[in-house]
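Working notes, structure below.
Note that the structure is a prediction, hence the values are computed from the model and not measured. Remember, it's 1-based here, ligands and their atoms both numbered in the order they're listed.
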Amino acid sequence: MSKTPITVAYGDGIGPEIMAASLHVLQEAGAPIEIEEIVVGEKIYLSGNTAGIEPGAWDSLRRNKVFYKAPLTTPQGTGFKSINVTTRKSLGLYANVRPCVSYFPFIKTKHPVMDIVIIRENEEDLYAGIEHRQTEEVYQCLKLITRPGCEKIIRYAFEYAIHNNRKKVTAFTKDNIMKLTDGLFHKVFDEIGAEYPSIEKEHWIVDIGSAKMADTPEVFDVLVLPNLYGDVLSDVAAQIAGSVGLAGSANIGQHAAMFEAIHGSAPRRAGQNLANPSGLLLSGVMMMVHIGQPEVAARVHNAWLRTVEEGTHTYDIFRDGVSKTKVGTKEFAEAIVKNLGKLPETLKPVAYASGGSIPTTSGVSLRTPSKKETIGVDVFLAWDEADRDPNVLGEQLSKVDSAGLKLTMISNRGQKVWPKGMKETFCVDHWRCRYESENGPLAHTQIVQLLGNLAASGFDFIKTENLCTFDGQPGYSLGQGQ
Ligand code: NAD
(Lines give C-alpha, C1' and ligand atoms only; values in the text may rest on other atoms or scores of the structure.)
Protein backbone atom coordinates (compact mmCIF):
# COMPACT_ATOMS: atom_id res chain seq x y z
CA MET A 1 0.00 0.00 0.00
CA SER A 2 1.38 3.44 -0.84
CA LYS A 3 2.10 5.59 2.16
CA THR A 4 0.57 9.03 2.75
CA PRO A 5 3.24 11.66 3.40
CA ILE A 6 2.45 13.81 6.43
CA THR A 7 4.32 16.79 7.84
CA VAL A 8 5.13 16.35 11.52
CA ALA A 9 6.27 18.95 14.08
CA TYR A 10 7.45 17.49 17.39
CA GLY A 11 6.84 20.83 19.09
CA ASP A 12 8.07 22.22 22.39
CA GLY A 13 7.74 21.35 26.09
CA ILE A 14 5.94 18.01 26.39
CA GLY A 15 5.51 18.00 22.58
CA PRO A 16 8.39 15.67 21.59
CA GLU A 17 7.36 13.05 24.17
CA ILE A 18 3.67 12.96 23.31
CA MET A 19 4.40 13.06 19.56
CA ALA A 20 6.84 10.13 19.82
CA ALA A 21 4.24 8.19 21.84
CA SER A 22 1.41 8.97 19.42
CA LEU A 23 3.38 8.14 16.28
CA HIS A 24 4.52 4.88 17.91
CA VAL A 25 0.89 3.83 18.50
CA LEU A 26 -0.24 4.89 15.01
CA GLN A 27 2.62 3.04 13.34
CA GLU A 28 2.09 -0.12 15.44
CA ALA A 29 -1.56 0.01 14.34
CA GLY A 30 -0.40 -0.11 10.73
CA ALA A 31 -0.94 3.53 9.75
CA PRO A 32 0.46 3.85 6.22
CA ILE A 33 2.16 7.19 6.76
CA GLU A 34 5.49 8.62 5.73
CA ILE A 35 6.78 11.23 8.16
CA GLU A 36 8.41 14.43 6.99
CA GLU A 37 9.65 16.36 10.01
CA ILE A 38 9.76 20.13 10.21
CA VAL A 39 11.06 22.29 13.04
CA VAL A 40 8.77 25.15 14.05
CA GLY A 41 8.17 27.01 17.30
CA GLU A 42 10.43 28.05 20.16
CA LYS A 43 13.81 27.28 18.53
CA ILE A 44 12.89 29.20 15.41
CA TYR A 45 11.37 32.11 17.35
CA LEU A 46 14.47 32.39 19.51
CA SER A 47 16.71 32.40 16.43
CA GLY A 48 15.12 35.75 15.58
CA ASN A 49 12.30 34.62 13.27
CA THR A 50 9.16 36.21 14.77
CA ALA A 51 6.90 34.00 12.64
CA GLY A 52 8.36 30.81 14.23
CA ILE A 53 8.29 29.00 10.89
CA GLU A 54 10.78 28.94 8.01
CA PRO A 55 10.05 28.92 4.25
CA GLY A 56 11.15 25.26 3.90
CA ALA A 57 8.50 24.22 6.42
CA TRP A 58 5.81 25.95 4.34
CA ASP A 59 7.00 23.98 1.29
CA SER A 60 6.51 20.73 3.21
CA LEU A 61 3.03 21.75 4.41
CA ARG A 62 1.91 22.84 0.96
CA ARG A 63 3.25 19.65 -0.61
CA ASN A 64 1.83 17.17 1.93
CA LYS A 65 -1.34 19.06 2.92
CA VAL A 66 -1.58 17.10 6.16
CA PHE A 67 0.07 18.50 9.29
CA TYR A 68 0.39 16.57 12.55
CA LYS A 69 1.49 19.11 15.12
CA ALA A 70 2.55 18.81 18.76
CA PRO A 71 1.99 21.87 20.98
CA LEU A 72 4.36 24.79 20.59
CA THR A 73 5.59 27.39 23.04
CA THR A 74 5.07 30.98 21.95
CA PRO A 75 7.73 33.03 23.80
CA GLN A 76 6.43 35.78 26.07
CA GLY A 77 6.68 39.31 24.74
CA THR A 78 5.29 41.21 21.84
CA GLY A 79 6.15 40.58 18.23
CA PHE A 80 5.99 36.77 18.23
CA LYS A 81 3.19 35.59 15.94
CA SER A 82 1.24 32.48 16.93
CA ILE A 83 2.02 29.68 14.46
CA ASN A 84 -1.42 28.21 15.04
CA VAL A 85 -3.15 31.35 13.88
CA THR A 86 -0.70 31.83 10.99
CA THR A 87 -1.09 28.23 9.81
CA ARG A 88 -4.86 28.22 10.09
CA LYS A 89 -5.22 31.45 8.17
CA SER A 90 -2.44 30.93 5.58
CA LEU A 91 -3.69 27.48 4.65
CA GLY A 92 -7.37 28.41 4.93
CA LEU A 93 -8.13 25.86 7.70
CA TYR A 94 -11.56 27.26 8.39
CA ALA A 95 -13.13 24.46 10.44
CA ASN A 96 -11.85 23.60 13.89
CA VAL A 97 -13.41 20.31 14.96
CA ARG A 98 -13.22 19.32 18.63
CA PRO A 99 -15.01 16.22 19.89
CA CYS A 100 -15.59 16.43 23.66
CA VAL A 101 -16.59 13.10 25.14
CA SER A 102 -16.79 11.87 28.72
CA TYR A 103 -15.44 8.43 29.65
CA PHE A 104 -17.49 7.77 32.75
CA PRO A 105 -16.94 5.95 35.09
CA PHE A 106 -13.27 5.59 34.16
CA ILE A 107 -12.40 9.29 34.08
CA LYS A 108 -13.88 11.66 36.63
CA THR A 109 -16.53 13.98 35.19
CA LYS A 110 -19.72 15.65 36.35
CA HIS A 111 -21.31 14.74 33.01
CA PRO A 112 -21.41 10.98 32.50
CA VAL A 113 -23.21 11.01 29.15
CA MET A 114 -21.56 13.90 27.37
CA ASP A 115 -20.71 13.39 23.70
CA ILE A 116 -20.58 16.63 21.74
CA VAL A 117 -18.58 17.91 18.81
CA ILE A 118 -17.77 21.60 18.65
CA ILE A 119 -17.20 22.98 15.18
CA ARG A 120 -15.61 26.38 15.53
CA GLU A 121 -15.15 28.88 12.71
CA ASN A 122 -11.41 29.45 12.55
CA GLU A 123 -10.61 32.37 10.27
CA GLU A 124 -12.68 35.44 11.03
CA ASP A 125 -14.76 37.17 13.73
CA LEU A 126 -12.65 39.20 16.20
CA TYR A 127 -9.68 37.00 15.27
CA ALA A 128 -9.12 38.94 12.06
CA GLY A 129 -6.83 40.83 14.44
CA ILE A 130 -7.70 44.27 13.06
CA GLU A 131 -7.27 46.54 16.06
CA HIS A 132 -6.78 50.27 16.42
CA ARG A 133 -6.35 52.72 19.21
CA GLN A 134 -8.53 55.59 18.08
CA THR A 135 -8.45 58.15 20.85
CA GLU A 136 -6.79 58.67 24.20
CA GLU A 137 -9.43 56.45 25.77
CA VAL A 138 -10.83 54.17 23.10
CA TYR A 139 -9.48 51.00 21.51
CA GLN A 140 -11.25 49.02 18.82
CA CYS A 141 -11.17 45.45 17.50
CA LEU A 142 -13.11 44.79 14.30
CA LYS A 143 -15.47 41.86 14.25
CA LEU A 144 -15.72 40.61 10.68
CA ILE A 145 -18.32 38.00 9.82
CA THR A 146 -18.62 37.13 6.14
CA ARG A 147 -21.20 35.25 4.12
CA PRO A 148 -18.63 32.84 2.58
CA GLY A 149 -17.14 32.29 6.05
CA CYS A 150 -20.57 31.42 7.50
CA GLU A 151 -21.52 29.25 4.53
CA LYS A 152 -18.27 27.26 4.71
CA ILE A 153 -18.40 26.50 8.43
CA ILE A 154 -22.13 25.85 8.63
CA ARG A 155 -22.15 23.56 5.62
CA TYR A 156 -19.17 21.73 7.08
CA ALA A 157 -21.05 21.24 10.36
CA PHE A 158 -24.06 19.71 8.59
CA GLU A 159 -21.85 17.50 6.41
CA TYR A 160 -19.96 16.42 9.53
CA ALA A 161 -23.27 15.47 11.16
CA ILE A 162 -24.33 13.43 8.13
CA HIS A 163 -20.95 11.65 7.82
CA ASN A 164 -20.80 10.84 11.52
CA ASN A 165 -24.39 9.76 11.98
CA ARG A 166 -25.17 12.68 14.26
CA LYS A 167 -28.76 13.80 14.74
CA LYS A 168 -28.72 17.49 15.61
CA VAL A 169 -26.75 20.65 14.82
CA THR A 170 -27.04 23.65 17.16
CA ALA A 171 -25.75 27.18 16.51
CA PHE A 172 -24.98 29.71 19.26
CA THR A 173 -24.92 33.43 18.44
CA LYS A 174 -25.62 36.75 20.13
CA ASP A 175 -27.88 37.99 17.36
CA ASN A 176 -30.26 39.68 19.77
CA ILE A 177 -27.48 42.29 20.15
CA MET A 178 -25.27 41.90 17.05
CA LYS A 179 -28.09 41.77 14.56
CA LEU A 180 -25.97 42.17 11.45
CA THR A 181 -22.85 40.05 12.19
CA ASP A 182 -24.21 37.29 14.43
CA GLY A 183 -27.52 37.79 12.63
CA LEU A 184 -25.83 36.72 9.38
CA PHE A 185 -24.43 33.58 11.02
CA HIS A 186 -27.93 32.69 12.26
CA LYS A 187 -29.54 33.47 8.90
CA VAL A 188 -27.05 31.32 6.97
CA PHE A 189 -27.55 28.56 9.57
CA ASP A 190 -31.30 28.60 8.81
CA GLU A 191 -30.74 28.72 5.04
CA ILE A 192 -28.21 25.88 4.90
CA GLY A 193 -29.97 23.87 7.60
CA ALA A 194 -33.05 23.74 5.36
CA GLU A 195 -30.99 21.67 2.90
CA TYR A 196 -30.55 18.94 5.56
CA PRO A 197 -34.07 17.81 6.48
CA SER A 198 -32.85 14.67 8.28
CA ILE A 199 -30.88 16.71 10.82
CA GLU A 200 -32.56 18.45 13.73
CA LYS A 201 -31.63 22.13 13.98
CA GLU A 202 -31.70 24.62 16.82
CA HIS A 203 -30.32 28.01 17.71
CA TRP A 204 -29.51 29.35 21.19
CA ILE A 205 -28.37 32.76 22.33
CA VAL A 206 -24.74 32.14 23.33
CA ASP A 207 -25.06 33.13 27.00
CA ILE A 208 -27.89 30.82 27.97
CA GLY A 209 -26.68 28.20 25.47
CA SER A 210 -23.28 28.13 27.20
CA ALA A 211 -24.91 27.82 30.60
CA LYS A 212 -26.99 24.93 29.29
CA MET A 213 -23.92 23.27 27.78
CA ALA A 214 -21.99 23.51 31.05
CA ASP A 215 -24.96 22.15 32.99
CA THR A 216 -26.66 19.66 30.66
CA PRO A 217 -24.28 18.88 27.79
CA GLU A 218 -26.21 15.73 26.91
CA VAL A 219 -28.89 17.83 25.19
CA PHE A 220 -26.34 18.88 22.54
CA ASP A 221 -24.85 16.90 19.69
CA VAL A 222 -22.94 18.96 17.07
CA LEU A 223 -22.42 22.66 17.88
CA VAL A 224 -21.41 25.19 15.24
CA LEU A 225 -20.02 28.46 16.59
CA PRO A 226 -18.39 31.68 15.43
CA ASN A 227 -14.68 31.90 16.27
CA LEU A 228 -14.63 33.58 19.70
CA TYR A 229 -17.55 31.68 21.23
CA GLY A 230 -16.11 28.46 19.79
CA ASP A 231 -12.66 29.16 21.22
CA VAL A 232 -13.97 29.67 24.74
CA LEU A 233 -16.64 27.01 24.73
CA SER A 234 -14.54 24.24 23.24
CA ASP A 235 -12.12 24.52 26.17
CA VAL A 236 -15.03 24.55 28.62
CA ALA A 237 -16.54 21.50 26.91
CA ALA A 238 -13.24 19.59 26.91
CA GLN A 239 -12.63 20.38 30.57
CA ILE A 240 -16.10 19.39 31.80
CA ALA A 241 -15.91 16.19 29.75
CA GLY A 242 -12.94 15.13 31.87
CA SER A 243 -9.77 17.05 31.02
CA VAL A 244 -8.38 19.34 28.33
CA GLY A 245 -5.54 16.79 28.20
CA LEU A 246 -7.83 14.27 26.49
CA ALA A 247 -9.23 16.24 23.59
CA GLY A 248 -7.88 16.20 20.08
CA SER A 249 -8.77 18.60 17.31
CA ALA A 250 -8.74 18.87 13.55
CA ASN A 251 -8.34 22.10 11.58
CA ILE A 252 -9.80 21.48 8.16
CA GLY A 253 -9.63 23.54 4.98
CA GLN A 254 -10.25 23.07 1.29
CA HIS A 255 -6.57 22.48 0.53
CA ALA A 256 -4.99 21.20 3.74
CA ALA A 257 -5.62 20.01 7.30
CA MET A 258 -3.84 20.21 10.64
CA PHE A 259 -4.29 17.86 13.61
CA GLU A 260 -3.30 18.71 17.17
CA ALA A 261 -4.14 18.35 20.85
CA ILE A 262 -6.10 21.25 22.29
CA HIS A 263 -3.74 21.78 25.23
CA GLY A 264 -0.44 23.65 25.16
CA SER A 265 3.19 22.62 25.64
CA ALA A 266 2.97 22.40 29.48
CA PRO A 267 6.68 23.28 29.89
CA ARG A 268 6.66 22.43 33.61
CA ARG A 269 5.89 18.81 32.77
CA ALA A 270 8.41 18.50 29.95
CA GLY A 271 11.15 15.87 29.82
CA GLN A 272 9.79 13.82 32.73
CA ASN A 273 7.80 11.13 30.90
CA LEU A 274 4.68 12.43 32.70
CA ALA A 275 2.45 13.97 30.02
CA ASN A 276 -0.72 12.39 28.74
CA PRO A 277 -0.45 11.81 24.97
CA SER A 278 -4.22 11.19 24.58
CA GLY A 279 -5.18 14.55 23.05
CA LEU A 280 -2.52 14.29 20.35
CA LEU A 281 -3.22 10.60 19.76
CA LEU A 282 -6.97 11.22 19.35
CA SER A 283 -6.20 14.01 16.88
CA GLY A 284 -4.08 11.39 15.08
CA VAL A 285 -7.23 9.23 14.96
CA MET A 286 -9.03 12.12 13.25
CA MET A 287 -6.09 12.38 10.86
CA MET A 288 -6.42 8.69 9.95
CA VAL A 289 -10.09 9.23 9.07
CA HIS A 290 -9.10 12.29 7.03
CA ILE A 291 -6.50 10.40 4.96
CA GLY A 292 -8.94 7.58 4.26
CA GLN A 293 -7.78 5.05 6.89
CA PRO A 294 -10.94 4.53 8.98
CA GLU A 295 -9.93 1.00 10.04
CA VAL A 296 -6.63 2.23 11.51
CA ALA A 297 -8.51 5.08 13.18
CA ALA A 298 -10.98 2.69 14.82
CA ARG A 299 -8.21 0.24 15.83
CA VAL A 300 -6.29 2.96 17.65
CA HIS A 301 -9.36 4.59 19.17
CA ASN A 302 -10.76 1.31 20.49
CA ALA A 303 -7.37 0.26 21.93
CA TRP A 304 -7.18 3.65 23.66
CA LEU A 305 -10.70 3.25 25.11
CA ARG A 306 -9.78 -0.21 26.34
CA THR A 307 -6.62 1.13 28.03
CA VAL A 308 -8.58 3.92 29.73
CA GLU A 309 -11.14 1.34 30.85
CA GLU A 310 -8.43 -0.89 32.31
CA GLY A 311 -7.44 1.96 34.63
CA THR A 312 -3.99 2.51 33.10
CA HIS A 313 -3.80 6.28 33.56
CA THR A 314 -1.25 9.10 33.41
CA TYR A 315 -0.99 11.38 36.46
CA ASP A 316 -3.49 13.98 35.19
CA ILE A 317 -6.41 11.56 35.03
CA PHE A 318 -5.30 9.20 37.81
CA ARG A 319 -7.84 8.98 40.66
CA ASP A 320 -7.54 6.65 43.66
CA GLY A 321 -10.32 4.11 43.66
CA VAL A 322 -10.98 4.40 39.91
CA SER A 323 -7.54 4.19 38.31
CA LYS A 324 -5.41 1.05 38.71
CA THR A 325 -1.90 1.79 37.42
CA LYS A 326 -0.23 5.19 37.25
CA VAL A 327 1.99 5.27 34.18
CA GLY A 328 4.22 7.65 32.27
CA THR A 329 3.85 8.77 28.66
CA LYS A 330 5.82 5.85 27.17
CA GLU A 331 4.17 3.17 29.29
CA PHE A 332 0.73 4.52 28.46
CA ALA A 333 1.55 4.27 24.73
CA GLU A 334 2.86 0.71 25.22
CA ALA A 335 -0.36 -0.26 27.02
CA ILE A 336 -2.38 1.03 24.04
CA VAL A 337 -0.16 -0.89 21.60
CA LYS A 338 -0.81 -4.08 23.60
CA ASN A 339 -4.55 -3.45 23.29
CA LEU A 340 -4.53 -2.96 19.50
CA GLY A 341 -7.16 -5.28 18.05
CA LYS A 342 -9.24 -5.26 21.26
CA LEU A 343 -12.51 -3.44 21.84
CA PRO A 344 -13.60 -1.64 25.01
CA GLU A 345 -15.91 -3.74 27.20
CA THR A 346 -17.96 -1.04 28.94
CA LEU A 347 -17.44 2.09 26.86
CA LYS A 348 -19.01 2.11 23.42
CA PRO A 349 -16.61 0.90 20.71
CA VAL A 350 -16.12 3.30 17.82
CA ALA A 351 -16.43 2.60 14.11
CA TYR A 352 -15.63 5.05 11.33
CA ALA A 353 -17.43 5.05 8.00
CA SER A 354 -15.22 4.49 4.98
CA GLY A 355 -16.65 7.49 3.10
CA GLY A 356 -13.37 9.37 3.41
CA SER A 357 -13.02 12.92 4.58
CA ILE A 358 -15.88 15.38 4.83
CA PRO A 359 -16.35 17.56 1.74
CA THR A 360 -15.26 21.16 2.02
CA THR A 361 -16.50 24.08 -0.03
CA SER A 362 -15.23 27.46 -1.10
CA GLY A 363 -18.41 28.93 0.41
CA VAL A 364 -19.04 31.08 -2.62
CA SER A 365 -22.63 30.40 -3.55
CA LEU A 366 -24.25 31.74 -6.66
CA ARG A 367 -26.23 34.73 -5.50
CA THR A 368 -27.70 37.63 -7.37
CA PRO A 369 -25.74 40.67 -6.27
CA SER A 370 -27.91 43.11 -4.32
CA LYS A 371 -28.33 46.76 -5.25
CA LYS A 372 -26.02 48.75 -2.98
CA GLU A 373 -26.64 52.43 -2.36
CA THR A 374 -24.75 54.77 -0.03
CA ILE A 375 -27.21 57.00 1.80
CA GLY A 376 -25.08 58.45 4.55
CA VAL A 377 -21.91 58.26 6.59
CA ASP A 378 -20.92 57.80 10.23
CA VAL A 379 -18.00 60.07 11.00
CA PHE A 380 -16.14 59.13 14.19
CA LEU A 381 -14.52 62.00 16.03
CA ALA A 382 -12.03 62.27 18.85
CA TRP A 383 -13.45 65.19 20.85
CA ASP A 384 -12.76 66.11 24.44
CA GLU A 385 -14.08 69.60 25.07
CA ALA A 386 -16.83 71.35 27.07
CA ASP A 387 -17.01 68.59 29.70
CA ARG A 388 -17.97 66.25 26.88
CA ASP A 389 -21.41 67.79 26.62
CA PRO A 390 -23.05 66.24 23.52
CA ASN A 391 -25.23 69.32 23.05
CA VAL A 392 -22.12 71.48 22.66
CA LEU A 393 -20.73 69.04 20.09
CA GLY A 394 -24.06 69.03 18.23
CA GLU A 395 -24.06 72.83 18.20
CA GLN A 396 -20.45 73.05 16.99
CA LEU A 397 -21.10 70.52 14.21
CA SER A 398 -24.25 72.34 13.10
CA LYS A 399 -22.00 75.29 12.19
CA VAL A 400 -19.92 73.21 9.76
CA ASP A 401 -21.04 73.04 6.12
CA SER A 402 -22.13 69.39 5.85
CA ALA A 403 -21.96 69.11 2.05
CA GLY A 404 -25.70 68.61 1.62
CA LEU A 405 -25.95 65.92 4.32
CA LYS A 406 -27.91 66.17 7.55
CA LEU A 407 -26.51 65.42 10.99
CA THR A 408 -29.16 63.09 12.40
CA MET A 409 -27.56 61.57 15.48
CA ILE A 410 -24.52 61.56 17.72
CA SER A 411 -23.81 58.46 19.79
CA ASN A 412 -21.19 57.63 22.36
CA ARG A 413 -20.17 53.95 22.66
CA GLY A 414 -23.28 53.14 20.62
CA GLN A 415 -25.73 55.04 22.86
CA LYS A 416 -27.57 57.96 21.28
CA VAL A 417 -26.61 61.16 23.15
CA TRP A 418 -27.81 63.82 20.67
CA PRO A 419 -30.44 65.03 19.95
CA LYS A 420 -32.32 64.57 23.18
CA GLY A 421 -29.82 62.41 25.03
CA MET A 422 -29.93 61.77 28.75
CA LYS A 423 -27.53 63.68 30.95
CA GLU A 424 -26.81 60.52 33.01
CA THR A 425 -25.15 58.75 30.04
CA PHE A 426 -21.41 58.36 30.61
CA CYS A 427 -19.41 59.68 27.68
CA VAL A 428 -15.86 58.95 26.55
CA ASP A 429 -13.78 60.98 24.08
CA HIS A 430 -15.05 59.04 21.01
CA TRP A 431 -18.16 60.18 19.12
CA ARG A 432 -20.07 58.72 16.22
CA CYS A 433 -21.74 61.45 14.19
CA ARG A 434 -24.30 60.16 11.75
CA TYR A 435 -24.86 62.16 8.57
CA GLU A 436 -27.65 61.12 6.21
CA SER A 437 -28.66 62.19 2.74
CA GLU A 438 -32.07 63.80 2.54
CA ASN A 439 -32.57 63.09 -1.13
CA GLY A 440 -31.55 59.55 -2.05
CA PRO A 441 -28.11 58.08 -2.59
CA LEU A 442 -25.17 60.41 -2.06
CA ALA A 443 -21.98 60.84 -4.02
CA HIS A 444 -18.70 59.80 -2.40
CA THR A 445 -17.39 63.27 -3.14
CA GLN A 446 -19.92 64.62 -0.62
CA ILE A 447 -18.25 62.54 2.10
CA VAL A 448 -14.83 63.81 1.07
CA GLN A 449 -16.14 67.38 1.11
CA LEU A 450 -17.74 66.86 4.56
CA LEU A 451 -14.46 65.52 5.95
CA GLY A 452 -12.57 68.45 4.44
CA ASN A 453 -14.97 70.91 6.07
CA LEU A 454 -14.74 69.12 9.45
CA ALA A 455 -10.93 69.15 9.29
CA ALA A 456 -10.93 72.84 8.34
CA SER A 457 -13.08 73.53 11.43
CA GLY A 458 -10.54 71.77 13.65
CA PHE A 459 -12.33 68.45 14.16
CA ASP A 460 -10.18 65.33 14.55
CA PHE A 461 -12.00 62.63 12.58
CA ILE A 462 -10.59 59.16 13.20
CA LYS A 463 -12.61 57.05 10.83
CA THR A 464 -15.74 56.87 8.73
CA GLU A 465 -18.20 54.08 8.01
CA ASN A 466 -20.49 54.46 5.03
CA LEU A 467 -24.18 53.86 5.57
CA CYS A 468 -25.40 51.62 2.76
CA THR A 469 -28.61 49.93 1.85
CA PHE A 470 -28.70 46.57 0.07
CA ASP A 471 -31.84 46.11 -2.02
CA GLY A 472 -33.30 48.86 0.15
CA GLN A 473 -32.48 47.11 3.45
CA PRO A 474 -30.25 49.11 5.83
CA GLY A 475 -26.76 47.63 6.18
CA TYR A 476 -26.10 49.37 9.49
CA SER A 477 -27.48 49.35 13.01
CA LEU A 478 -29.45 52.13 14.66
CA GLY A 479 -27.98 53.90 17.67
CA GLN A 480 -29.09 52.47 21.01
CA GLY A 481 -31.99 54.61 22.13
CA GLN A 482 -32.52 55.97 18.59
P1 NAD B 1 -0.97 24.13 28.80
O2 NAD B 1 -2.15 23.49 28.17
O3 NAD B 1 0.35 23.89 28.16
O4 NAD B 1 -0.83 23.59 30.29
C5 NAD B 1 -1.67 23.89 31.38
C6 NAD B 1 -1.55 22.79 32.43
O7 NAD B 1 -2.34 21.69 32.00
C8 NAD B 1 -0.13 22.20 32.56
O9 NAD B 1 0.62 22.84 33.53
C10 NAD B 1 -0.40 20.78 32.95
O11 NAD B 1 -0.59 20.69 34.33
C12 NAD B 1 -1.70 20.45 32.28
N13 NAD B 1 -1.53 19.72 31.01
C14 NAD B 1 -1.73 20.21 29.75
N15 NAD B 1 -1.53 19.24 28.85
C16 NAD B 1 -1.24 18.13 29.52
C17 NAD B 1 -0.94 16.79 29.15
N18 NAD B 1 -0.92 16.39 27.87
N19 NAD B 1 -0.68 15.88 30.11
C20 NAD B 1 -0.70 16.25 31.38
N21 NAD B 1 -0.97 17.48 31.83
C22 NAD B 1 -1.24 18.41 30.91
O23 NAD B 1 -1.26 25.69 28.92
P24 NAD B 1 -0.29 26.89 29.32
O25 NAD B 1 0.57 26.50 30.49
O26 NAD B 1 -1.20 28.05 29.43
O27 NAD B 1 0.62 27.15 28.03
C28 NAD B 1 1.95 26.68 27.90
C29 NAD B 1 2.49 27.04 26.53
O30 NAD B 1 1.74 26.36 25.53
C31 NAD B 1 2.43 28.52 26.16
O32 NAD B 1 3.63 28.90 25.54
C33 NAD B 1 1.28 28.60 25.18
O34 NAD B 1 1.49 29.65 24.25
C35 NAD B 1 1.38 27.27 24.50
N36 NAD B 1 0.12 26.78 23.88
C37 NAD B 1 0.24 26.16 22.69
C38 NAD B 1 -0.88 25.63 22.09
C39 NAD B 1 -0.71 24.92 20.77
O40 NAD B 1 0.40 24.78 20.29
N41 NAD B 1 -1.78 24.46 20.17
C42 NAD B 1 -2.14 25.73 22.70
C43 NAD B 1 -2.23 26.37 23.95
C44 NAD B 1 -1.08 26.89 24.54
Strictly under 6.0 Å, is that where the ring centroids of F189 and H203 end up?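 No; H203 has its ring centre 6.0 Å or more from that of F189.
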Qualifying salt bridge (Lys or Arg N to Asp or Glu O under 4.0 Å) pairs with a residue from residues 94-121, counting only residues at least two apart or across chains: R98-D235, D115-R166, R120-D231
Set of residues that line ligand 1, where lining means a heavy atom lies under 4.0 Å from it: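 Ligand 1 is contacted, at a heavy-atom distance under 4.0 Å, by I14, K69, P71, L72, T73, T74, N84, E260, H263, G264, S265, A266, P267, R268, R269, A275, N276, Y315, D316.
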Contacts of type side-chain contact (heavy atoms from CB on, under 4.5 Å), residue A298, not counting sequence neighbours: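 N302, Y352.
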Ring-plane angle category for H301 and W304, please: parallel below 30°, perpendicular beyond 60°, tilted otherwise.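 Answer is perpendicular, since the angle exceeds 60°.
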I'd like to know if the side chain of Q140 reaches the main chain of H132, judged simply by a donor and an acceptor atom lying under 3.5 Å from each other, with no hydrogens or angles considered.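 Checking the backbone N and O of H132 against the side chain of Q140, no donor-acceptor pair under 3.5 Å is found.
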The criterion is salt bridge (Lys or Arg N to Asp or Glu O under 4.0 Å); which residues satisfy it with E310, sequence neighbours excluded? R306
